[in-house]
Engineer: 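Got a structure here, written out as structure tokens. Questions coming.
Because only heavy atoms are used, hydrogens play no part in the values below, and waters and symmetry mates are left out as well, while side chains stay in. All chains are named by letter (A, B, ...) in the order of the sequence lines, taking the proteins before the strands, and each is independently numbered beginning at 1.
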There are 2 protein chains.
Amino acid sequence: MAMTLTQQPTAELEASLKAIASERRLQILEWLKDPKAHFPPQEHGDPDEHGACNQFIVDKLGVSQPAGSRHLKVLVDADLIIATPIKGWTYYRRNEEAIHALTSRLSNDL
Amino acid sequence: MAMTLTQQPTAELEASLKAIASERRLQILEWLKDPKAHFPPQEHGDPDEHGACNQFIVDKLGVSQPAGSRHLKVLVDADLIIATPIKGWTYYRRNEEAIHALTSRLSNDL
DNA sequence: TGTCTAAATAACAGGTTAGTTATATGGCTA
DNA sequence: TAGCCATATAACTAACCTGTTATTTAGACA
């Protein structure tokens, strides 16, 4: 096989873990598994393709707009969700590859 | 089958994640995979059975004694390592069951 | 071009984390 | 039982996190 998976350094693992070590952000990731089930219908941006929009997520979190946006930014910075701006709104979806890479590494290395 | 794994609440998952979201504590868990390979020989407490003693871990971390002990306490409180006091020393080993339960849950739920 | 609005940034407060040094605790051991 | 030594606790500081309100930015569109 000779799979040469160059492993990210421990510092990046720590960053990913800090990103998910938050009830709010775990909740966001959970909601984004099925945006149509958890958020109202939206005009632009197919929920299945692009995810849910910033406002819906912020509202559902029940925090202020800047607080919600910052939680989303933490997840984006950790590469666990992907942002897509469309016509003035920003949609967020899970980065399933990165999430799987993280859980795999934890299963193997922790 | 009917496996009724009563799932711990999200708050506890957050606590476990916070416990491992630290380079220092990830390092400790890594060392404890093979105490004999990472720490000097110790008089009491079989490394394979009880793990490595507080002092060795603190020394290897390179922080003060209270700082090191507190990192260990965080991992103990999260049930990820197990403390065994023997003749005045305290030995720490990995709680493989709990660690596996955590990585399993993350693989399934994240 | 000018306005509207979603999202980002700034500035601040309160709580938590991680480090320090100093001190207390408590079980061995002589 | 007296002292010692490993560990825990206390007290403090600096940095970080999460929330707030106010303001800025920038794309859409009329």
Engineer: Return the CG to CG distance between A/Leu110 and B/Leu106, rounded to the nearest 0.5 Å.
Structural biologist: 9.0 Å
Engineer: Find the distance A/Leu75:CG to C/dA8:P and express it as a whole number of Å.
Structural biologist: 13 Å
Engineer: Counting heavy atoms from C-beta on, name the nucleotide in D/dT18, D/dG19, C/dA18 closest to the side chain of B/Arg25.
Structural biologist: C/dA18
Engineer: Let's see if you can work this out: which of C/dA18, C/dA7, D/dT20 has an atom nearest to the side-chain heavy atoms of A/Thr90?
Structural biologist: C/dA7
Engineer: Over how many whole Å does the gap from A/Lys73 atom NZ to C/dT9 atom P extend?
Structural biologist: 6 Å
Engineer: Over how many whole Å does the gap from B/Arg70 atom CZ to C/dT21 atom C1' extend?
Structural biologist: 12 Å
Engineer: How close or far is atom P of D/dC17 from atom CD1 of A/Ile20, stated in whole angstroms?
Structural biologist: 15 Å
Engineer: Name all residues meeting the salt bridge (charged side-chain N to carboxylate O under 4.0 Å, His left out) criterion together with B/Arg25; count only those two or more places apart in sequence or in a different chain, and write none if there are none.
Structural biologist: none
Engineer: Kindly give the heavy-atom pair with the smallest separation between A/Cys53 and A/Tyr91, and that separation in Å.
Structural biologist: CB-CE2, 3.4 Å
Engineer: Remember a base hit wins even if backbone is also touched, and classify A/Tyr92 as base, sugar-phosphate or nothing at under 4.0 Å, heavy atoms.
Structural biologist: sugar-phosphate
Engineer: Going from CG on B/Asn108 to OG1 on B/Thr103, what distance comes out if it is rounded to the nearest 0.5 angstrom?
Structural biologist: 9.5 Å
Engineer: Nearest heavy atom decides the nucleotide; on that basis, is A/Gly62 or B/Cys53 closer to the 5' end of DNA chain D?
Structural biologist: B/Cys53
Engineer: Given atom CD of B/Gln55 and atom C1' of C/dG27, what is their separation to the nearest angstrom?
Structural biologist: 15 Å
Engineer: Just the rounded figure in Å: distance from C1' of C/dG27 to OH of B/Tyr91.
Structural biologist: 14 Å
Engineer: OP1 or OP2 of D/dT7 versus the side-chain N and O atoms of B/Ser69: is any pair under 4.0 Å?
Structural biologist: no
Engineer: For A/Leu75 and A/Ala19, work out which heavy atoms get closest and say how close.
Structural biologist: CD2-O, 4.0 Å
Engineer: Would you say a side-chain N or O of A/Asn54 is under 4.0 Å from OP1 or OP2 of C/dA6?
Structural biologist: no
Engineer: Take atom NZ of B/Lys33 as the centre, draw a 6.0 Å sphere, and report whether it contains more than 12 heavy atoms from other residues, nucleotides or ligands.
Structural biologist: yes
Engineer: Of the nucleotides C/dA8, D/dT7, D/dT18, which has the atom closest to the A/Ser22 side chain?
Structural biologist: D/dT18
Engineer: Would you kindly give the CD-to-P distance between A/Glu14 and D/dC17, to the nearest whole Å?
Structural biologist: 10 Å
Engineer: Measure the acute angle between the ring planes of B/Phe39 and B/Trp31, then classify it against the limits of 30° and 60° as parallel, tilted or perpendicular.
Structural biologist: perpendicular
Engineer: Check the distance between D/dT18's P and A/Ile28's CD1 and give it to me in whole angstrom.
Structural biologist: 11 Å
Engineer: Does D/dC17 have its OP1 or OP2 closer than 4.0 Å to a side-chain nitrogen or oxygen of A/His71?
Structural biologist: no
Engineer: In B/S/- notation, 5' to 3', how is nucleotides 21-30 of chain D contacted by protein heavy atoms closer than 4.0 Å?
Structural biologist: BB-----S--
Engineer: For B/Phe56 and for A/Lys18, locate the closest nucleotide of DNA chain D by heavy-atom distance; then report the residue assigned to the nucleotide nearer the 5' terminus.
Structural biologist: B/Phe56
